[in-house]
Each structure stands twice: as C-alpha cells, then as structure tokens.
Number of protein chains: 2
Amino acid sequence: MIELRHLRYLVAVAEEGHVTRAAARLGIQQPPLTRQIHDLEAAVGAPLFDRTPRGVRLTEAGEAVVEAARTILDQAAALPDLAGRAARGERGRLAVGYTSSAAFHPFVVREIRAFGQAFPGVRLVLEEESTAELVRDLAGGRLDAAFLRAPPGEAADLRIDPLLEEPMAAALPAGHPLAARTEGVALEDLAGETFVLYRRLAGPGLYDAIIAACHAAGFSPMVGQEAPRMPSTLSLVAAGLGVSLTPASMRRLNVEGVTLVPLTRAHGLAAPLLLATRPQGSAAAERFRGAILAAARLET
Amino acid sequence: MIELRHLRYLVAVAEEGHVTRAAARLGIQQPPLTRQIHDLEAAVGAPLFDRTPRGVRLTEAGEAVVEAARTILDQAAALPDLAGRAARGERGRLAVGYTSSAAFHPFVVREIRAFGQAFPGVRLVLEEESTAELVRDLAGGRLDAAFLRAPPGEAADLRIDPLLEEPMAAALPAGHPLAARTEGVALEDLAGETFVLYRRLAGPGLYDAIIAACHAAGFSPMVGQEAPRMPSTLSLVAAGLGVSLTPASMRRLNVEGVTLVPLTRAHGLAAPLLLATRPQGSAAAERFRGAILAAARLET
DNA sequence: CGATCCGATATCTCGCAGGTATGGAATGAT
DNA sequence: ATCATTCCATACCTGCGAGATATCGGATCG
C-alpha cells in the first residue's frame with residue numbers, strides 16, 4: 001500500500017539525485033530508504049529511477065510520479081490549515097435570509113458584503129422571504145441566520161439578537177397636506193387617516209407595535225388595506241388608499257408618488273432590526289453572528 | 001505525521017458513520033481505528049467527528065478534510081496508471097523537427113497530427129530547421145525525432161529510417177517552353193538549363209543526388225545560384241534565375257510564377273523522406289518512431 | 001432498571017520501518 | 001593493472017507503533 005512516506009522519500013531522492021544524500025536529509029540511513037524506494041517502484045509497477053554510478057536519475061515515469069507526488073504532499077500538508085479554517089467558520093456555506101424591509105437597511109447590505117469579503121472561503125447564499133418563511137427555514141436548517149424586523153412568537157427556539165432601533169417614518173401620498181412637513185409629523189397628526197399596514201402573520205410584529213403606539217398617542221387607527229410585503233404597502237399609499245408607517249430606511253425605495261416624512265413624537269414606536277440564528281449553529285454561522293453583533297454595537 | 005492510512009480510515013468512518021462498522025469494512029478491529037482517528041485529529045488540530053450515542057457524525061472541519069482526503073486518495077490511487085502511461089511513452093514531451101521541404105509533405109503533417117490525437121498526454125513541440133540544425137539538436141537532445149530529406153554524414157550516431165521515396169518534379173519559370181508539358185519532362189530535356197539548387201551543407205544530400213542523376217542522363221548541369229532553404233529555390237526560379245528539381249510535394253507551396261512538372265525518366269533520382277531519431281530515445285520517442293514507421297509501411 | 005449499543009481506554013504482540021554491517025559494481029587516480 | 005573511492009543493493013537485526021484482545025463507561029430504550 002502506497003503511503004505518504006513513500007512519496008516524501010521519492011521527492012527527497014529526486015531532489016538530491018542521491019539515495020545516500022537524501023537519506024541524510026531525511027534523518028534516516030540509506031538502506032531503509034533504498035528499500036522504501038524499491039517498494040514504491042513495485043507499487044506503481046514501473047522503475048522510477050535509473051541507477052547510475054554517481055547516483056540516481058529519474059526515469060520518465062519517475063518524472064511524472066514525482067510531479068503528482070508533490071501536489072499530493074502539498075494537499076496533505078494543507079489539511080491542518082484547512083481543518084482549522086473550517087472549524088473557525090472561515091469556510092463553508094452560510095445561508096442568510098432577510099425580510100423585504102430589512103433588505104433596504106444599509107446596515108444589512110453593508111455587513112453581509114463585508115463578511116463575504118473578509119471570508120472568501122465562505123459561500124454566501126442569500127434569500128429574501130417573508131418573516132414566516134424565514135422562521136420556518138431557520139428551524140428546518142435551510143437558513144443559518146436571518147434579518148427580521150420583529151420577533152416571531154416563541155416559535156422554534158431561535159436566538160434573537162436586537163441589532164438596531166431605527167426611527168419610523170410616515171409614508172404619505174404625494175399630494176397629502178402633511179407631505180410638505182419635511183421637519184416631521186407627530187403620530188397624533190395621523191389620527192384621522194386610514195392606515196395601510198404590513199400584514200400580521202407570524203407572531204406580534206410591527207403591526208401590533210403600530211396599533212399600540214397609536215393608542216398611546218390617543219387614537220385608534222382605522223386600518224384599511226393590508227399588504228403582504230413591506231414594499232407593497234408603499235404602492236398602496238401611492239395609489240391613495242391611505243397612509244402608512246415604515247422604517248425610515250425604506251426611503252431608499254424611492255416610490256413614485258410617496259413621500260416619507262420623519263415621525264416625531266413616535267410614542268416609543270421604532271422599527272427594530274433583529275438577527276435570528278439557531279442555537280449551536282455552524283461555525284460559520286457563529287462567526288457571522290459575532291461579526292454582525294459587533295458591527296451593530298459599533299453602529300450605536 | 002499524516003499518512004494515507006489516516007485518510008483511508010477517515011473516509012471509511014465518514015462513509016459508515018460508525019467506527020465499529022468502518023473497522024469491519026477495513027478488516028481491522030475498532031480500538032486501533034479509534035486511535036488512528038484520534039491521531040489524525042491531533043495532527044490536523046481539530047476534532048473531525050462529533051461522537052453521538054449511535055455513532056459518529058462529521059464536524060464541519062471533518063467535512064472539509066474528508067473532501068480533501070478523497071481527492072488525495074484518488075490521486076494516489078492514480079499513480080500506478082500514471083507511471084505506466086509515462087513509461088509506455090503515452091505522456092511526456094516530444095520535440096519533433098523537420099526540414100522546410102519535409103513540412104510540405106502530406107505524410108509528415110498527417111502523421112504528426114495523428115500521433116498528437118492518439119496520445120493527448122504527449123506534449124508535441126514542433127520545430128522547422130535546416131538539416132544541419134536538426135542533426136545538431138538531435139545530438140544535443142533538444143529534439144527527439146526529425147524528418148529529413150537526405151541522410152546526414154555519419155555524424156552523431158543517429159538512427160536513420162527511410163520512410164518514403166517521393167518522385168521529383170521540375171520547377172520551371174511560368175513562361176518556360178517546357179512548362180506547358182503537363183504530362184512531364186525528362187531529365188534530359190533540362191540539359192541546357194541553368195540550375196538553382198538547395199545548398200549543400202551537412203553531408204551528401206539532394207544536391208549530390210541531382211548532380212549524379214544528370215550525369216546518368218548524359219549531361220553535366222550548369223549550377224547558378226544556390227539557396228539556403230528549399231522554398232527559396234522556387235523564388236529564384238520564379239525570378240527567372242534558372243530551373244530546379246524539387247520533391248513533387250512542393251507543389252503545395254503554390255509559388256506564383258513557378259510551374260512544377262512531373263519528372264519522367266528521372267534516372268533513379270527521387271526525394272527520400274527519412275526519420276532520424278536517437279538510439280535509446282525517450283519512451284515517447286520510441287513510440288513515435290514505431291507509429292511513423294508503421295504508417296510508412298502502410299503507405300507503400 | 002437491566003439490556004444493548006458503541007466509542008474510549010489499557011495492555012499486549014507482532015510486522016515492518018529503520019539501523020548495522022557488508023557486498024558489489026563503476027569510476028578514477030596512481 | 002590495481003587500489004581507493006563512491007554509491008546503491010543485500011542480508012540481517014532491533015525497536016516502535018499499528019493492530020489485537022479485553023474491558024470500561026456512557027447513552028438510549030424496552
């Protein structure tokens with residue numbers, strides 16, 4: 001059976017051109033080295049050296065085998081490093097999901113990109129899904145981490161780390177009287193409006209937080225249409241079906257016919273950005289979580 | 001020190017998911033296998049398996065290492081085949097030279113190409129040189145084989161194998177009275193002409209053969225210009241400096257202003273095609289020689 | 001709670017890598 | 001020629017470590 005020892009010896013003899021000298025370099029004696037070379041030649045079924053009076057010289061078969069042996073030895077020598085990097089999560093596969101509204105937050109896109117550049121060995125797979133789908137895929141192991149806007153119910157035991165609290169903005173149709181108030185509107189100012197909201201689905205989310213904040217502001221909001229995804233609420237606002245409250249970063253969407261105005265006096269209403277991960281996730285996932293949490297701490 | 005044994009055992013355990021079952025498959029007992037796996041984990045510096053009550057499962061580091069181990073083992077397993085093919089001359093490097101006139105012989109180009117396709121593992125290096133350079137490079141080991149037109153002197157001990165005897169043709173300037181004789185001209189018809197000939201250099205070549213044939217035809221040729229390379233003689237013919245005698249395959253050159261007419265009654269004059277190789281050349285060279293000689297035998 | 005399964009640990013042994021001694025072929029100096 | 005030198009090959013011995021045997025220990029399950 002061929003062993004790496006044979007290949008190491010072969011390379012040494014090939015480089016020295018002398019069995020005796022190679023043996024000295026390897027820290028062994030010449031006879032055992034001769035025997036190992038013979039064993040290797042028997043194993044590959046062809047002589048690898050021409051014996052000359054002044055040493056040995058590779059045959060053509062020897063040339064070919066030495067070349068292959070070098071790459072094999074290099075790969076074997078790289079195994080500890082490979083294992084170390086895999087164990088430290090610096091390589092592997094990492095599936096990250098996010099809700100449509102998180103996709104517009106500059107923090108999310110910037111940090112995902114930064115992680116990908118810092119660890120090129122990690123193959124990033126990105127997925128935009130609804131909150132419910134994200135939670136399901138995390139539990140099912142199809143995702144390693146997900147950016148959410150609101151904590152799902154106590155569903156599958158996921159780690160939820162709050163990252164940032166983002167101010168909210170009022171989304172108003174272009175012609176709305178309050179749309180000119182670029183310095184901001186108070187939540188109370190929207191008391192008489194019809195609200196278009198992101199559909200409630202998995203657990204208490206932004207929906208409930210908005211209702212609660214309105215109550216705190218002293219009115220009960222009239223809810224009209226509900227939209228399945230955050231960006232579609234803005235389309236409904238543009239269509240004049242009401243006003244909405246969205247995270248301020250949704251400004252990036254730049255929907256025609258919709259003006260986003262900062263929400264002053266929000267009565268505690270803010271859009272949280274959360275990271276959900278599985279407990280004892282993959283090493284890459286742990287490393288990702290660490291990087292994201294650190295970046296979030298820097299951000300505030 | 002990591003050995004292939006460790007990798008073989010690792011792959012077996014990874015595939016079985018059981019140390020005990022893998023040991024049975026490997027034909028050894030479980031405790032030594034456990035120890036080898038531990039040794040490997042120590043060598044790579046990371047645990048490769050998670051031990052569960054029902055067996056073992058690869059860690060992420062284990063996944064990465066197993067993948068690398070598989071390719072290493074495959075490469076090692078391919079060594080005997082690799083050595084065998086290298087020894088049989090089915091891979092390696094083969095430098096083939098040819099004189100400019102041989103380059104126009106369809107046999108040469110066809111057989112070189114056929115050899116390259118039959119043995120893709122052999123890297124072919126082609127070189128067009130003068131006969132003297134070819135002989136020198138063969139002797140110096142820079143060439144493995146060369147197609148020549150005439151045997152060099154008893155120079156370096158090269159093996160010379162005659163391949164084909166090609167008829168000669170008379171190269172006449174376009175306006176020459178004999179140029180219209182498409183059925184051929186006899187050597188005697190050229191008795192009064194001035195001859196443009198390929199320069200004599202290394203040993204007796206085509207030059208001497210032509211002189212001898214003319215004498216056999218009953219005249220002594222008047223030699224005007226001499227050219228260093230076969231194709232340039234045709235240029236001199238086109239320039240009206242005389243007529244010439246060339247191998248019939250030079251028709252492929254299609255030089256403007258030159259007509260090649262078959263040489264009837266050549267008095268034994270013919271253009272030989274020879275293969276020169278070094279005795280005890282590389283395995284690839286031997287294989288090449290064998291293929292060329294076989295092809296030449298089929299040809300006649 | 002015993003039965004069972006499976007990896008870990010402890011100890012022994014024997015095969016083989018490696019050591020020692022010497023042979024033998026080719027080259028070169030005298 | 002002959003002897004010295006240089007290297008690889010061969011013969012035989014030794015000691016380390018891969019592998020065998022026996023047993024332990026923890027987890028799961030009827």
Side-chain angles (χ1 to χ4, degrees), chain A residues 1-59 61-63 65-66 69 72-73 76 79 280, chain B residues 1-59 61-63 65-66 69 72-73 76 79 280:
Chain A
M1 194 100 324
I2 296 179
E3 288 296 340
L4 289 185
R5 169 174 28 83
H6 295 117
L7 305 184
R8 283 187 273 264
Y9 289 180
L10 167 68
V11 169
V13 173
E15 284 176 354
E16 295 291 339
H18 279 262
V19 176
T20 310
R21 232 179 286 164
R25 190 176 105 184
L26 291 166
I28 63 174
Q29 297 302 315
Q30 169 258 319
L33 179 54
T34 293
R35 215 175 95 70
Q36 293 295 314
I37 294 293
H38 285 165
D39 288 352
L40 180 58
E41 289 179 316
V44 302
L48 301 175
F49 291 100
D50 284 327
R51 273 70 174 179
T52 76
R54 300 234 158 271
V56 296
R57 238 191 34 241
L58 283 172
T59 61
E63 294 268 13
V65 174
V66 163
I72 290 177
L73 289 172
L79 287 182
Q280 76 241 98
Chain B
M1 192 102 323
I2 297 179
E3 289 296 343
L4 290 185
R5 177 188 54 258
H6 294 118
L7 305 186
R8 283 187 273 264
Y9 289 0
L10 168 67
V11 169
V13 174
E15 286 177 353
E16 295 290 339
H18 278 261
V19 177
T20 308
R21 231 179 286 164
R25 191 175 104 184
L26 292 167
I28 63 173
Q29 297 303 316
Q30 170 259 320
L33 179 53
T34 293
R35 216 173 95 68
Q36 294 295 316
I37 294 292
H38 284 164
D39 287 353
L40 180 58
E41 288 179 319
V44 302
L48 301 175
F49 290 100
D50 283 325
R51 276 67 174 180
T52 74
R54 300 235 156 272
V56 296
R57 239 192 32 242
L58 284 171
T59 61
E63 294 268 13
V65 173
V66 163
I72 290 176
L73 290 173
L79 287 182
Q280 77 244 96

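Basis for what follows: all heavy atoms, side chains included, without hydrogens, waters or symmetry-related copies. All chains are named by letter (A, B, ...) in the order of the sequence lines, taking the proteins before the strands, and each is independently numbered beginning at 1.
- The residues Arg35(B) and Glu41(B) are annotated as not salt-bridged, no charged nitrogen and carboxylate oxygen being separated by less than 4.0 angstrom.
- The stretch residues 9-27 of chain A participates, sequence neighbours left out, in these salt bridge (Lys or Arg N to Asp or Glu O under 4.0 Å) pairs: Glu15(A)-Arg25(A), Glu15(A)-Arg70(A), Glu16(A)-Arg25(A).
- Thr20(B) meets the side-chain contact (heavy atoms from CB on, under 4.5 Å) test with Gln30(B); sequence neighbours excluded.
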Seminar exercise, completed: In B/S/- notation (B base, S sugar-phosphate only, - none; protein heavy atoms under 4.0 Å), nucleotides 5-16 of chain C written 5' to 3' is -SBBBB------
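- Rounded to an integer number of Å, the gap from CZ of Arg8(B) to P of dA18(D) is 13 Å.
- Atom CD of Glu3(A) and atom P of dA17(C) are 9 Å apart (whole Å).
- Spacing between atom CG of Leu33(B) and atom P of dT21(D) amounts to 15 Å, rounded to whole angstrom units.
- Using a 4.0 Å heavy-atom criterion, one finds that Phe49(A) contacts no nucleic acid atom at all.
- Residues passing the salt bridge (charged side-chain N to carboxylate O under 4.0 Å, His left out) test with Arg8(B) are Glu3(A), sequence neighbours excluded.
- By the side-chain contact (heavy atoms from CB on, under 4.5 Å) test, Ala61(B) is found to be paired with Ala83(A), Ala86(A), Ala87(A), Ala46(B), Leu48(B), Thr59(B), residues two or more places apart in sequence or in another chain being considered.
- Going from atom NE2 of His6(B) over to atom P of dA18(D) covers 6 Å, rounded to whole Å.
- Atoms CG (Asp39(A)) and C1' (dA9(D)) sit 13 Å apart, rounded to a whole Å.
- Nucleotide dC8(D) holds its P atom 13 Å from the CD atom of Glu41(A), rounded to whole Å.
- Between the CD1 atom of Ile28(A) and the P atom of dC16(D) there is a distance of 16 Å, rounded to whole Å.
- Note: CZ (Arg57(A)) to P (dA26(C)) measures 16 Å, nearest angstrom.
- Legend: residues meeting side-chain contact (heavy atoms from CB on, under 4.5 Å) with Glu63(A), ordered by chain and number and at least two apart, are Leu58(A).
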